[in-house]
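Read through the structure below, which is laid out as structure tokens, and then see the notes.
Quick note on labels: first sequence line is chain A, next is B, and so on, each numbered from 1. Predicted model only: the values in this text are computed from it and were never measured.
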Amino acid sequence: MKKLMLGNEAAARGLYEAGVRFVSSYPGTPSTEITENTAQYKEIYSEWAPNEKVALEAALGAAVGGGRSFCGMKHVGLNVAADPLFVTAYTGISAGMVIGVADDPGMHSSQNEQDSRHYAKAAKLPMLEPANSAECRDYAKAAFELSERFDTPVIYRLTTRVSHSRSAVELGEREEIPVRPYAKDASKHVMMPANAKRRHYDVEAHLGALAEYAENCPFNTVEENGTALGIITAGNCWNYSKEAYGKTASYLKLGMLNPLPRKMILDFASKHEMIIVVEELDPVIEEHCRALGINVIGKQDGVLPMCGEYSEELLREKLLGDERAFCELADPIPPRPPVLCPGCPHRGVFYTLSKLRLNVSGDIGCYTLGAVAPLSAIDTVYCMGASISSLHGACKVRGEEDKWVSVIGDSTFMHSGLTGLVNVVYNGGNTTTIILDNSITGMTGHQDNPLTGKTLMGEKAPNLCLEDICSSLGVPREHIRAVDPQDLKELETAIKEEVAAACPSVIICRRPCALLKTAVRKPALTVDSSKCVGCRSCMKIGCPCISMDNKKARIDASICVGCGLCEQMCRVSAIG
Amino acid sequence: MKNMNIMIVGVGGQGSLLASKILGKAAMDKGFDVKVSEVHGMSQRGGSVVTYVRYGEEVYSPVICRGDCDVIISFELLEAARWLPNLKPGGVIITSLQKINPMPVITGAAVYPENIVGNIKGLGVDIRAYDTESIAREVGNPKTSNVALIGLAQTALGIDNETLRAAVAACVPQKALDVNLAAYDAGVKLAGAV
């Protein structure tokens, strides 16, 4: 049976068919739907781990324990998981293990444009990269055979356009693979120097074998169309190349990105007068070709860009000088950046922080949008958990000169905020941490986390209590308080008092995400235009429902959820 | 048939994912090679959202370039204007008349362009604009504007009514089946009547 499937959905199908028993992941765009889909198969145990390092270690344990396993994450998640990643090449596995990582060229929903292919090389692990949904399924299955054949985890790399495109997939049956018997082998699994030294030789030996394999593997394929031009490409760039060049070029499509073949590339290059390397992000294939002495057209000669997402249009323009005609309006088109949703519980927090002129150390999630005008409340956003830890450093050098707070979401706090808060307490910091507890992992589309009381597979989980966690980390009980962020007065008082406190403090802003089914929706509010004086106070909260119409505020009833924040802003009681 | 390139554009939260799923399924049921490219993550939070649907004999890229789109289905007027450069000569825009102010317009940093439909027509472009909110209200569910637009676009898509209607039925939540089919039918009828 053929089905139109999202790349991530097809990857999950491949994992199912490969007999995978265990999946542990942390959500991150564009990788999230792989794990959401494995959870739909009752044969696969699937879970959200608190972070990617935990997920990868759990998957390693499952594989060494004898069951085929998978962990999924976005590219920056692999940074968090890098420590166990590197050691897995040394220990090897028992049953197959695949590490899924999704890169985000063009940064549709990310803080950087890093290229995970470097990890495969650095960690000495094989890497596969599919180009469409059918390959997502096929490669996921094949990755386990590769993993078990060479006793190594395999990195399975996707990019946004492959993860989030739908195309046809032929469905197969699941292969039931029994759990392998466990045999203790400390020389392989206890990575202390004496053992690791021996294992390094094994790593180099199987990398050599993998390099041989890459020369003739089913993932690397050649399509010959004459001798004038050869294109070496991989993943979605193969799709763009095919659209731009059709039958006017030959293609070497690489599905195995580490190790890259040598003889195969040399042979392909020798048969064509000109070679172009088409790859998004860093010039990984290009540098490999140049090291082999092949003179290629690519990024390093400035023809193709280092930054951003590629497209058929970009290839036509940069390589073929072909620009299509198009029309556009003379009027400038205002941009439409993403905004905090109507009724979002974060809005009042950022309004208040902005009003109090506090500096804000921000973090990763929907609430990063607190940086956008008119709230403009955030000073810094780096990576998961950095709000707390980087603020600690800033306050140590600046002392009391500035008034700062850190702001972090519930899921992000559990991911990597805990250790930052321990550092604040341990090293005598006195920063204020605001935890935005909206009862869900919001940005990636509502995944449960250790604070929501529910698991990915819908089971009830212990309700971890943020107040107890912060208290046990050493924050004084009397400086841990929970507030409803919709109550602007209470919120402002709490922030003023805790910022003034001479010890670490935590304010938990507790209200569910407005998009949750359980969130309270009230009738839309209206503006009494006879009372409205056009002061624009209600506009300061940056709500997409409110606009000015003929010098009077107007609320769009079709999207207002009646949260009441604007009502608190109005000085003349015109909103109700 | 040559490849068809369709873009579904709108504002995050308007239901473009469902519309592209319907169209992708219908094209697949007709036996075409299909690629649908979606947007997930941050842009969905009220930002400009574009979904690409391509089908035909053989489709590789999931993305549609400037000057290459046959039909733009737009849930919001400003988004129709934003993606106009992607339309190919002779292409058609089928748009809702709904206007949603983006934040820069709300804050006064930018102006929502006036007379978008007239100005696009002035460029010689085939643009058909409909009050889809009224259609959706009349069938009884304001959230069915997206499905009504699929009905309004049917004749431009190269997919017969029966196949497209069946895809609507297969993709919408079953508890809202009747109201969605009513919205689709109302769209088809209105497009035929104009």
Side-chain angles (χ1 to χ4, degrees), chain A residues 2-4 6 29-30 32-33 108-110 132 161-168 236 238-243 311-313 316 323-342 366 368-369 372-374 443-445 539 542-544 546-548 556 558-559, chain B residues 11-13 20-21 24-25 27-28 33-48 52 58-68 78-79 81-82 84-89 100-114 116 119-120 123-125 133 142:
Chain A
K2 266 196 172 180
K3 200 178 161 200
L4 196 63
L6 208 58
T29 311
T32 313
E33 299 81 6
H108 295 269
S109 202
S110 301
N132 52 42
R161 293 292 183 190
V162 174
S163 281
H164 288 164
S165 291
R166 291 179 190 276
S167 53
N236 205 32
W238 172 70
N239 291 315
Y240 298 140
S241 303
K242 289 281 284 184
E243 295 281 357
S311 65
E312 175 195 344
E313 181 175 337
R316 281 201 312 237
E323 290 183 44
R324 302 245 158 123
F326 63 89
C327 57
E328 59 189 330
L329 288 180
D331 288 329
I333 307 292
R336 190 186 299 276
V339 289
L340 294 172
C341 304
C366 286
T368 308
L369 294 171
V372 179
M443 177 91 280
T444 43
M539 301 287 290
C543 176
I546 310 173
S547 54
M548 295 303 285
D556 184 343
S558 69
I559 51 175
Chain B
V11 178
S20 64
K21 215 170 161 184
K25 170 155 178 50
M28 178 126 159
D33 190 19
V34 183
K35 282 267 166 76
V36 180
S37 185
E38 303 175 352
V39 175
H40 298 237
M42 188 175 261
S43 323
Q44 278 186 297
R45 301 279 172 264
S48 171
Y52 306 99
E58 202 171 41
V59 178
Y60 291 96
S61 170
V63 179
I64 297 166
C65 309
R66 270 187 310 187
D68 239 0
L78 180 63
E79 296 310 307
R82 184 184 318 285
L84 170 65
N86 283 59
L87 199 69
K88 70 164 63 156
I100 300 173
N101 284 335
M103 195 49 71
V105 170
I106 290 175
T107 61
V111 180
Y112 198 107
E114 289 188 3
I116 288 176
N119 288 342
I120 291 178
L123 295 167
V125 172
E133 287 173 288

Point to revise | Close side-chain approach of L329(A) to P113(B), heavy-atom, < 4.5 Å | key: no
Check your understanding: So what's closer than 4.5 Å to chain A heavy atoms on V125(B): side chain, backbone, both or neither?
Key -> side chain
Check your understanding: Between M103(B) and P374(A), which heavy-atom pair has the shortest distance, and what is it?
Key -> SD-CD, 4.0 Å
Check your understanding: Checking heavy atoms, do the side chain of K35(B), its backbone, both or neither come under 4.5 Å from chain A?
Key -> both
Practice item. Please name the residue in the list H164(A), R161(A), R166(A) that meets the side chain to side chain donor-acceptor pair (under 3.5 Å) test with E38(B). Key: R166(A)
Practice item. Would you mind telling me which of L84(B), I64(B), N119(B), L123(B) has the largest number of heavy-atom pairs within less than 4.5 Å of chain A? Key: L84(B)
Study note, to complete from the structure: Closest non-hydrogen atoms of G67(B) and R324(A), given as atom of the first, atom of the second and distance, are O-CD, 4.3 Å
Check your understanding: For chain A, which of A27(B), S20(B), P104(B), A109(B) has the most heavy-atom pairs under 4.5 Å?
Key -> P104(B)
Point to revise | CA sep, side-chain torsions, deciding dist, call: M539(A), I106(B), side-chain contact (heavy atoms from CB on, under 4.5 Å) | key: CA-CA 8 Å; M539(A) 301 287 290; I106(B) 290 175; 3.5 Å; yes
Review point. Can you check whether E79(B) reaches R336(A) side chain to side chain, under 4.5 Å on heavy atoms?
Key: yes
**Study point:** Residue pair Y240(A) / P62(B), side-chain heavy-atom distance below 4.5 Å
**Key:** yes
Review point. Looking only at heavy atoms, which two atoms of I333(A) and A81(B) are closest? And how far apart?
Key: CD1-CB, 3.7 Å
Study note, to complete from the structure: Output for pair (E58(B) CD, E243(A) CD), nearest 0.5 Å, gives 9.0 Å
Point to revise | Residues that T32(A) engages under side chain to side chain donor-acceptor pair (under 3.5 Å), provided they are two or more places apart | key: none
Check your understanding: To the nearest 0.5 Å, what is the distance between SG (C65(B)) and CZ (R316(A))?
Key -> 5.0 Å
Practice item. To the nearest 0.5 Å, tell me how far S37(B) OG sits from L6(A) CG. Key: 9.0 Å
Point to revise | Which portion of E114(B) sits near chain A, non-hydrogen atoms under 4.5 angstrom | key: backbone
**Study point:** Per-residue contact mode, P544(A) against chain B (heavy atom under 4.5 angstrom)
**Key:** both
Revision key, fill the gap. The reported gap from CE in M28(B) to NZ in K3(A) (rounded to nearest 0.5 angstrom) is 9.5 Å
Check your understanding: Side chain, backbone, both or neither: which part of K2(A) has an atom under 4.5 Å from a heavy atom of chain B?
Key -> both
**Study point:** Nearest atoms (heavy-atom pairs only) where E328(A) meets P85(B)
**Key:** CB-CG, 3.9 Å
Check your understanding: With sequence neighbours left out, what residues match S311(A) under side chain to side chain contact (heavy atoms under 4.5 Å, CB included)?
Key -> E313(A), L314(A)
Exercise for review: Against chain B, label E33(A) side chain, backbone, both or neither, depending on which of its atoms sit under 4.5 Å from a heavy atom there.
Suggested key: side chain
Study note, to complete from the structure: Heavy atoms of P102(B) and P335(A) approach each other most closely as CB-O, 3.5 Å
Point to revise | Between OG on residue S165(A) and OH on residue Y52(B), distance to nearest 0.5 Å | key: 10.5 Å
Study note, to complete from the structure: One option among N101(B), D68(B), D33(B) has the most heavy-atom pairs under 4.5 Å with chain A, and it is D68(B)
Review point. Which answer fits V105(B), side chain, backbone, both or neither, if we ask what part of it has an atom under 4.5 Å from a heavy atom of chain A?
Key: side chain
Exercise for review: Evaluate whether atom NZ of K242(A) has more than 12 neighbouring non-hydrogen atoms of other residues, nucleotides or ligands under 6.0 angstrom away.
Suggested key: yes
Practice item. Quick one: which of S547(A), P337(A), P342(A), C341(A) has the most heavy-atom pairs under 4.5 Å with chain B, could you say? Key: P337(A)
**Study point:** Segment of D331(A) engaging chain B (4.5 angstrom heavy-atom cut-off)
**Key:** side chain
Revision key, fill the gap. Closest heavy-atom pair, G46(B) versus V339(A), reported as atoms and distance to 0.1 Å, is CA-CG2, 4.4 Å
Check your understanding: What residue, out of L78(B), V59(B), I120(B), T107(B), has the most heavy-atom pairs lying under 4.5 Å from chain A?
Key -> L78(B)
Study note, to complete from the structure: Here the gap from N86(B) atom CG to F326(A) atom CZ, rounded to the nearest 0.5 Å, amounts to 9.0 Å
